[in-house]
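Comments concern the structure below.
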Amino acid sequence: MVVEKNRRAIFPGSFDPFTIGHESIVRRGLEMFDHIVIAVGINADKRCMFSAEERVGFIRKVFEGQDEISVMTYTGLTIDFARENDCQHILRGLRTSADFEFERAIAQVNKQLSGIDTAFLLTSPEHTPVNSTIVRDILRHGGDASAFLPEKIRGVVKLS
Ligand code: ADP
């Protein structure tokens, strides 16, 4: 009997806030993995525009009703959280060569420390310029960032 292994990946990030670029990586990642844990990193040194609860709430709304996605917060090392949640892979998106250089070192160190491999998906061309920093700048100055936000949270992601 062939027992299929349940392939689980963790998709870690700050997601401040979650964008169409992130959404696309997760949806495409589901072609490769049975379950994806979207892990919202809590970093005390990093000031975020949205609280951890808000960021998790936005992401849960995007994937409402999809059992193959779970959303959690975490602190500490990504590899430790991956192991605790039975994830054999880390999923990350790559936009530019700068992303690659940054991600390469982290992925190689993670592999050395834990044996966990990182799977990279190249961003879809139309999402290359999309990032959370730009979305935050637009929101901070009262602009309309809806084109960069997943459909289900357009009008929901706003400064309180
Ligand atoms: P971090 O602070 O860990 O970089 P981010 O929330 O900025 O967290 O990004 C999380 C992941 O999503 C990273 O792998 C990043 O490369 C990827 N990502 C961010 N924006 C895009 C995009 N527009 N297209 C594809 N992947 C993206």
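Numbering of ligands and ligand atoms starts at 1, following listing order.
Proximity to F15 (heavy-atom distance under 4.0 Å) selects the following atoms of ligand 1: 6 (O), 10 (C). Atoms of ligand 1 lying under 4.0 Å from any heavy atom of K46, numbered from 1 in the order shown and given with element: 2 (O). Those atoms of ligand 1 with a heavy atom of V130 less than 4.0 angstrom away are 20 (N), 22 (C), 23 (N).
At least one side-chain heavy atom of F18 sits less than 4.5 Å from a side-chain heavy atom of P150. E23 places a side-chain heavy atom less than 4.5 Å from the side chain of F63.
For the pair S132 and ligand 1, the shortest N or O to N or O distance does not fall below 3.5 Å. For ligand 1, the polar-atom distance check against P12 finds no nitrogen or oxygen pair separated by under 3.5 Å. Annotation: T128 places no N or O atom under 3.5 Å from an N or O atom of ligand 1; distance criterion only.
Across S14, P129, S124, S24, heavy-atom proximity to atom 1 (P) of ligand 1 is greatest for S14. Comparing H22, R55, R92 by heavy-atom distance to atom 13 (C) of ligand 1, the nearest is R92.
No single ILVMFWY cluster, assembled from side-chain heavy atoms under 4.5 Å apart, contains both I42 and I90.
The protein heavy-atom contact nearest to atom 25 (C) of ligand 1 is T123 OG1, 3.3 Å. Here the protein heavy atom with the shortest distance to atom 15 (C) of ligand 1 is G93 O, 3.8 Å. Scanning the protein for heavy atoms near atom 21 (C) of ligand 1, the closest one is R95 CD, 3.6 Å.
Side-chain atoms of T118 and H89 form no donor-acceptor pair, as typed in the model, at a separation below 3.5 Å. Side-chain contact of D16 with S14: a donor-acceptor pair under 3.5 Å is absent, judged by distance alone.
A distance-only check finds no donor-acceptor pair linking the side chain of N85 to the backbone of C87 [under 3.5 Å]. Looking at S124, its side chain never comes within 3.5 Å of a backbone N or O of E126 through a donor-acceptor pair.
Within the 4.0 Å heavy-atom criterion, the part of I25 lying near ligand 1 is the side chain and not the backbone. Neither the backbone nor the side chain of R28 comes within 4.0 Å of ligand 1, counting heavy atoms alone.
Ligand 1 is approached by F11 to a heavy-atom distance shorter than 4.0 Å.
Using a cut-off of 4.0 Å between Lys/Arg side-chain N and Asp/Glu carboxylate O, R60 and E64 are scored as not salt-bridged. Ion pairing between E31 and R28 fails under the 4.0 Å rule for side-chain N and carboxylate O.
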